[in-house]
Protein chains: 2
Amino acid sequence: MKIKNYYKNLPHKTIERLSQYRRALMICLDNGKTHIFSHEIANIQHITSVQVRRDLMLIGYSGTLRKGYNIQDLIEVISHIIDDEEGIKVAVVGMGNLGRALMKYVRGKRHKLEVVAGFDTNEEKIGKEYKGVTCYSIDDLEKVIDKLNIKLAILTVPAKYSTETAEKLVDAGIKGILNYTPKPIRVPEDVYLEEYDMITTLEKVAFYIKMHQEEEGE
Amino acid sequence: MKIKNYYKNLPHKTIERLSQYRRALMICLDNGKTHIFSHEIANIQHITSVQVRRDLMLIGYSGTLRKGYNIQDLIEVISHIIDDEEGIKVAVVGMGNLGRALMKYVRGKRHKLEVVAGFDTNEEKIGKEYKGVTCYSIDDLEKVIDKLNIKLAILTVPAKYSTETAEKLVDAGIKGILNYTPKPIRVPEDVYLEEYDMITTLEKVAFYIKMHQEEEGE
DNA sequence: TTTTGCCTGTTATTTGCTTAACAATGTGCT
DNA sequence: AGCACATTGTTAAGCAAATAACAGGCAAAA
């Protein structure tokens, strides 16, 4: 009732940055560093030291004046906030290039976040393993999700199947979906949805390139 | 000096939505629709009709009271704003699974945004074609970028090569980079940079799943 | 003809987040 | 000891974007 609700009110952007801080910190730790200043963290990501301090203030972690933040401690504090104690099981739905890329990204990096299943409709892929993870038929979605206690699905199927696959995932009791399909999906209130559309981002970059070159050309 | 600077001040989020509106509108057009209401557009994406109208107001496009917006016209207006007349040439740097996935996504969808080259260090891939696009050696980056007039690079190399590859791209005169590497890069002021980190997003989804289940369990 | 309802387009308010400003503190140098 | 300085932690101001509120208009129904 108290502490958890407190973390729940952390800004979304802060949550994202905490994840990035942690990864940067782990690299520093591997390099033998024990302490770090806010402006050093800020330099790795490209933000300001003020923002780093503000984020750390929000999670209630204090550094020391002369040495900065204890890297080991800070990693643990961040992990305590963003990791689930039990770990969260992930499925990649759609084993095309994007699905396989994500599989590789995530495999073994975060031990509290494990990809335990892939799904596809392609008979060639079903039953095979990729990076040690079995690929199941989409028809077995509900069964496998329930059996392996999968909470999070990464949706990387072709756009035309987005809607129906999302529905299946919801019916199977999934708790969060990360939709990389260019087509927006709808989910009930209690399922957390995050969507990212690569084409949109690409067009945005193209737009600012265009703007910039028009500016120069005048 | 006048019109272009005006569009330059459009909110970033509006630019993103315009790209999405356009894609949704093109599908509607294919389905034989000629006009559409703001709330219909809002339904396809998951936003409110107010926001749609506000975005369209910002770009100065007016609908009619009884029929809504003319789909064909609106597509043209949006295209005029976000597309570069000459078209913008794109390179995919790093032909792993993610690079190939992006290649497939973009190929042929946007004729004003064309992937004209891939790059990799793997000898097996160099010289080969994928989806009709030649894969070059990273060593030839500068030469090829100059020759093919490539303005935009999608960075999908392994994280350990992010920094050095980004530097090469900047030296080669690239105007915009879309970095899908988990490692932040630095570019000069005049290069537009957009970064997206899949692991961060995944951890964010996991965090909100965790929050939600703790909330239920009390 | 008047009224009702459903749209659009614009202005005002609120929210969420970033940036700036500054007080507090401990360390090393003189 | 006393001063200069780099760094943290917090509060206040500023910005960008989303949401709310509402004015205006046309078309069909009464």
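Just so we're clear, the structure is a prediction, and the values are computed from it rather than from any experiment. First the proteins, then the strands, lettered A, B, ... as listed; each starts at 1.
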Whole angstrom value for the distance that separates P of C/dC17 from CD1 of A/Ile47: 15 Å

Spacing between B/Leu65 atom CG and C/dT10 atom C1', to the nearest angstrom: 15 Å

Side-chain donor or acceptor of A/Arg107 paired with backbone N/O of A/Lys131 under 3.5 Å: yes

Short side-chain N/O contact from B/Ser62 to OP1 or OP2 of C/dG9, under 4.0 Å: yes

Within 6.0 Å of NZ in A/Lys168, more than 12 heavy atoms from elsewhere: yes

Short side-chain to backbone donor-acceptor contact, A/Thr14 and A/Leu10, under 3.5 Å: no

Whole-Å gap separating P (C/dG5) and CZ (B/Phe37): 17 Å

Integer-rounded Å distance: C/dT19 P and A/His39 NE2: 18 Å

For atom CG of A/Leu74 and atom C1' of D/dT8, their distance in whole Å: 14 Å

Residues B/Glu86, B/Asn149; criterion side chain to side chain donor-acceptor pair (under 3.5 Å); working and verdict: CA-CA 11 Å; B/Glu86 308 286 316; B/Asn149 193 29; over 6 Å; no

Rounded distance (Å) that lies between atom C1' of C/dG9 and atom OH of B/Tyr69: 8 Å

Between C1' of C/dA23 and CE of A/Met57, the distance in whole Å: 14 Å

Can you name the atoms? Protein N/O to nucleotides 15-19 of chain D N/O, anything below 3.5 Å, with the distance.
residue : atom : partner : partner atom : Å
D/dA17  : OP1  : B/His12 : N            : 3.4
D/dA18  : OP1  : B/Arg17 : NH1          : 3.1
D/dA18  : OP2  : B/Arg17 : NH1          : 3.4
D/dA18  : OP2  : B/Arg17 : NH2          : 3.0
D/dA18  : OP2  : B/Gln51 : NE2          : 3.3
D/dA18  : O5'  : B/Gln51 : NE2          : 3.3
D/dT19  : O4   : B/Arg54 : NE           : 3.0

Candidate nucleotides C/dC7, D/dT8, D/dT7, ranked by approach to the side chain of A/Arg53 - the nearest: D/dT8

Parallel, tilted or perpendicular, as decided by the 30° and 60° cut-offs, for the rings of A/Tyr208 and B/Tyr192: parallel

Touch class at under 4.0 angstrom, heavy-atom based, for A/Thr64 against every strand present: sugar-phosphate

Closest listed nucleotide, where the reference is the side chain of A/Arg66 and the choices are D/dG9, C/dT27, C/dC7: C/dT27

Trace of the side chain to side chain donor-acceptor pair (under 3.5 Å) decision for B/His46 with A/Glu195: CA-CA 11 Å; B/His46 28 217; A/Glu195 305 200 294; 2.5 Å; yes

Spacing between A/His46 atom NE2 and C/dT18 atom C1', to the nearest angstrom: 15 Å

A/Thr64 vs A/Tyr69, side chain to side chain donor-acceptor pair (under 3.5 Å): CA-CA, chis, key distance, verdict: CA-CA 6 Å; A/Thr64 58; A/Tyr69 304 93; over 6 Å; no

